Amino acid sequence: MTLPPDDPLRVGHARFRAGTWAREADRYARLARRPQRPTTAVVACSDARLDPQTIFDADPGDLFVVRNVAGLVPPYAPDRGCHGTSAALEYAVRILKVRRIVLLGHSGCDGVHAMIHGPLRNAQDFLGPWMDIAEPVMWSMREPPPGTSVEGAIEDAVLKLSLENLRTFPWIRDAERERRLVLSAWRFSLATGELSAL
């Protein structure tokens, strides 16, 4: 299928080729000649409003980005199932040997909203079970601190749970213990652009 000339992706690519590519062609050529060597892996939400490369003003090749609904990290579960996030983490840590993993949550997360209010009726095949990973945080939730919404407190708790889940992966836990890997969790405010560490 041929894209129409006014397709937004086609127009955006033309802008990229005329602007960024024209200025950065040598950099892309260098990147193409060698394997990727990012030092940081970022696990972030798939939310279209959240772009880790933009938020961190990173260059191509700087970040190994893993995105999924709510930016969740499931617990370590080596079975024959398909585990996209776990596979990406294993690749980042064991093959690319990144030196840090950043969990990047954000305000107004639709995945957390779906967990609190129930997934949409037409999205229960995968969304409900995926968000079940984080559901335990709701049962242990106390009154949020002053100035924090319940949803914001749950978003923070989901980030903390994902941080705990990272440490269930033996090769992540060992690398952190041996100081070859640093783990952190940050929350980005869509409204203010501020980044806060948990």
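Predicted model only: the values in this text are computed from it and were never measured.
Note that the CG atom of Leu195 and the NE2 atom of His106 stand 13.0 Å from one another [nearest 0.5 Å]. Leu103 contributes atom CG, which lies 12.5 Å from atom SG of Cys45 (distance to the nearest 0.5 angstrom). Between Asp174 atom CG and Glu176 atom CD the span is 10.5 Å, to the nearest 0.5 Å. If you take CD on Glu90 and CH2 on Trp171, they are separated by 4.5 Å, rounding to the nearest 0.5 Å. With rounding to the nearest 0.5 Å, the separation of CD in Glu164 from OG1 in Thr168 is 10.0 Å. Of the inter-residue distances, the one linking Tyr28 atom OH with Arg23 atom CZ reads 10.0 Å to the nearest 0.5 angstrom.
Listed here is the closest heavy atom pair of Leu183 and Leu163: CB-CD1, 3.8 Å. Closest non-hydrogen pair, Glu151 versus Cys109, comes out as OE2-O, 4.4 Å. Between Gly71 and Ser162, the shortest heavy-atom distance links the atoms O-OG, 3.9 Å. The nearest pair of heavy atoms linking Ile133 to Pro136 is O-CD, 3.5 Å. A pairwise comparison of heavy atoms in Pro52 and Arg67 identifies CD-NH1, 4.0 Å as the closest pair. The two residues Phe169 and Ser86 have their closest heavy-atom pair at CZ-OG, 3.5 Å.
Using a 4.5 Å heavy-atom cutoff, the side chains of Glu24 and Asp59 are not in contact. Considering only heavy atoms from C-beta on, Pro60 comes within 4.5 Å of Gln53 through its side chain. Contact annotation: the side chain of Ile101 approaches that of Val93 to within less than 4.5 Å [non-hydrogen atoms, C-beta and beyond]. For the pair Leu104/Phe56, a side-chain contact is recorded, criterion being any heavy-atom separation below 4.5 Å from C-beta on. For the pair Val73/Val66, no side-chain contact is recorded, criterion being any heavy-atom separation below 4.5 Å from C-beta on. In this structure, the side chains of His13 and Arg10 stay at 4.5 Å or more apart for every pair of heavy atoms.
Of the listed residues (Leu181, Thr40, Thr39), just one forms a side chain to side chain contact (heavy atoms under 4.5 Å, CB included) with Arg99, and that residue is Thr39. Between Pro74 and the choices Asn165, Asp132, Asn68, Thr85, the side chain to side chain contact (heavy atoms under 4.5 Å, CB included) rule is met once, by Thr85.
Tracing side-chain contacts under 4.5 Å through hydrophobic residues (I, L, V, M, F, W, Y), one reaches Val137 starting from Leu127; they form part of the same cluster. Hydrophobic clustering (ILVMFWY, side-chain heavy atoms < 4.5 Å, transitive): Tyr91 and Ile172 are in one cluster. When hydrophobic clusters are built by joining Ile, Leu, Val, Met, Phe, Trp and Tyr residues whose side-chain heavy atoms come closer than 4.5 Å, directly or via intermediates, Val102 is grouped together with Leu63. With hydrophobic clusters built from ILVMFWY side chains whose heavy atoms lie under 4.5 angstrom apart, Ile154 shares a cluster with Leu72. Hydrophobic clustering (ILVMFWY, side-chain heavy atoms < 4.5 Å, transitive): Val43 and Leu166 are in one cluster.
Side chain of Arg49 to main chain of Gly108: a donor-acceptor pair is present (N/O by atom type, distance under 3.5 Å, no hydrogens or angles).
Other residues, nucleotides and ligands place no more than 12 heavy atoms under 6.0 Å from the CZ atom of Arg179. Remark: Arg173 CZ is packed, more than 12 non-hydrogen atoms of other residues, nucleotides or ligands lying under 6.0 Å away.
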Item to check | From CA spacing to verdict: side chain to side chain contact (heavy atoms under 4.5 Å, CB included), Ile116, Val112 | outcome: CA-CA 6 Å; Ile116 295 169; Val112 170; 3.8 Å; yes
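Relative ring orientation between Trp21 and Phe16 is described as tilted, the plane-to-plane angle lying within the 30° to 60° band.
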